[in-house]
There are 2 protein chains.
Amino acid sequence: MRKGAETRERILEIAEASVLAKGFGATSIEEVIAEAGITKSGFFYHFKDKNELARALMLRYIEENDRIFDDVFHRGRQLSDDPLQSFLITLKLLAELMGDLPNGHPGCLIATFTYQERLFDRTVRDIAASAVRSWNGRFRDALNEIASVYPARKGMDLDDVAIMFSCVIDGGIIMSRGLGDPRVLERQILAFRSFVKMLFAPAASDIMLPPAHTAVAAE
Amino acid sequence: MRKGAETRERILEIAEASVLAKGFGATSIEEVIAEAGITKSGFFYHFKDKNELARALMLRYIEENDRIFDDVFHRGRQLSDDPLQSFLITLKLLAELMGDLPNGHPGCLIATFTYQERLFDRTVRDIAASAVRSWNGRFRDALNEIASVYPARKGMDLDDVAIMFSCVIDGGIIMSRGLGDPRVLERQILAFRSFVKMLFAPAASDIMLPPAHTAVAAE
DNA sequence: AAATTTACTGTACCGGCGGTATGGTTTTCA
DNA sequence: TGAAAACCATACCGCCGGTACAGTAAATTT
């Protein structure tokens, strides 16, 4: 009962690391059980097939990520009453979190799964999609709250800005790994943070006529 | 000679689609040769092993992508002498290109490879890294050129902004796939475009003292 | 036209892996 | 103490990556 959950957790941990390093298709059950120190029968006692392992990995990853976001948004709100300030704090905390990982971010399971979609059934894909939507919703809510206090610059859809943050994180992870530099992700989150600051700062053109050279840059 | 290149190309095309849908590890040679209508011996005549297939896929993808960037940057420069304008045009063209794909962007091979790095030898990973660096360099050069005419807003490193574009593309592809909405990628590129416009437009704080509520948002 | 190279096909084989089946054993908890 | 939980052991199937080697039709060169 108790020990079963432990073994299950160990399997998931080992499998996740393997999936993020080699992909789901190349992750062999034999390898996982060898590292976990159990037999094949033991594995199939916990997961009836590889697809159920995938689903469990997915759910575990989403839960963990939700916890992190809960925490970091909560702390942001604690440290300031101003919605813009607290979101900026949240972003800063996230950047620190990502930068402090010893060997860089281990990778986003959602990203690996969307790039191996044909390996999973519809339920797994739907779980992933709804998780992504929920995270995007979080960011969008934070932005909307800010926009109710600070009018945003024109020409930017806040829904797109919210999604862009997810893009920057997933893209940042890929860039960090691809370039072999774990700090890229942290810098990207901070760059997005600067973008948010910029987005809610009034433009010169909102107040006075632009100088000649900015007329070219405008719409 | 001629026919060999054709077959090779057909193999690469089929393999690429499979890799983007299932991952490299889950792409079976048997499946590829079945679809290509050749035998296993035929396959190993062209590629001595799976790793060589990976390398060929990589090089082909980079070449194709370089061609696209060459074209779209060239057309941007043709349509305006102003570096900011021509980059904005380039981004618009790219967004259109990505939006016009019938079933959405097929996926970024670099992204799949970085998420399956343990499957490839160092040469393949180095090729990918240098390609990414080269693309980031293109964006950074374009931004630097703009910055020499239009002073950029403070607090943003242009290197980071350049990398952010790569992040937005790769992240946008993941979001498009994960959410099942091909238009997300196009919208993300356009959102980044708005960001660039904002970046080179003067802020109110550069000209006059900010109103009370923006003082909170500042550094 | 002959010789050579290119671009394959056919067959046979190996070991590893995902997955199933089945029966047994220890551990844990009520 | 007894049942349920959490495994272990063994055997087996079919697919796949990869190797080896022998043969051949077509294109290209000489």
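Letters A, B, ... mirror the listed sequences (proteins, then strands); counts begin at 1.
Across the protein-nucleic acid pair, B:F44 atom CZ and D:dA20 atom P stand 11 Å apart, rounded to whole Å. Here D:dA27 presents its C1' atom at 13 Å from CD of B:E6, a figure rounded to the nearest Å. Rounded to a whole Å, the CD1 atom of A:I11 is 10 Å from the C1' atom of D:dC7. The nearest whole Å value for the distance from the CZ atom in B:F43 to the C1' atom in C:dG10 is 18 Å. Atom CD of A:E9 is separated from atom P of D:dC7 by 13 Å (rounded to the nearest Å). Taking atom CG of residue A:L119 and atom P of nucleotide D:dC16, one finds them 13 Å apart after rounding to whole Å. The distance between atom CD of A:E30 and atom C1' of C:dG15, rounded to the nearest whole Å, is 11 Å. Atom CD of A:E31 and atom C1' of C:dG19 are 17 Å apart (whole Å).
Residue B:G37 is the one, among A:G25 and B:G37, whose nearest nucleotide of DNA chain C lies closer to the 5' end (criterion: closest heavy atom).
At distances below 3.5 Å, at least one donor-acceptor pair connects side-chain atoms of A:Y115 with backbone N or O atoms of B:C108.
Side-chain atoms of A:T39 stay outside donor-acceptor range of the base of D:dA9, with no qualifying N/O pair under 3.5 Å.
Counting heavy atoms from C-beta outward, A:R187 and B:D157 have side chains that approach closer than 4.5 Å.
When the nucleotides C:dT9, C:dG19, D:dG17 are ranked by their closest atom to the side chain of B:I38, C:dT9 comes out on top. Minimum atom distance to the side chain of B:I29 is reached by D:dG17, of the listed D:dG17, D:dA6, C:dG18. Side-chain proximity of A:K50 to C:dG19, C:dC17, D:dG17: nearest is C:dG19. In this structure, the nucleotide among D:dG17, C:dG18, D:dA20 sitting nearest to the side chain of B:S41 is D:dA20. Nearest to the side chain of A:T7, among D:dC7, C:dC8, D:dG18, sits D:dC7.
In this structure, A:K22 forms no cation-pi arrangement with B:F24, as its terminal cationic atom is not both closer than 6.0 Å to the ring centre and no more than 45° off the ring axis.
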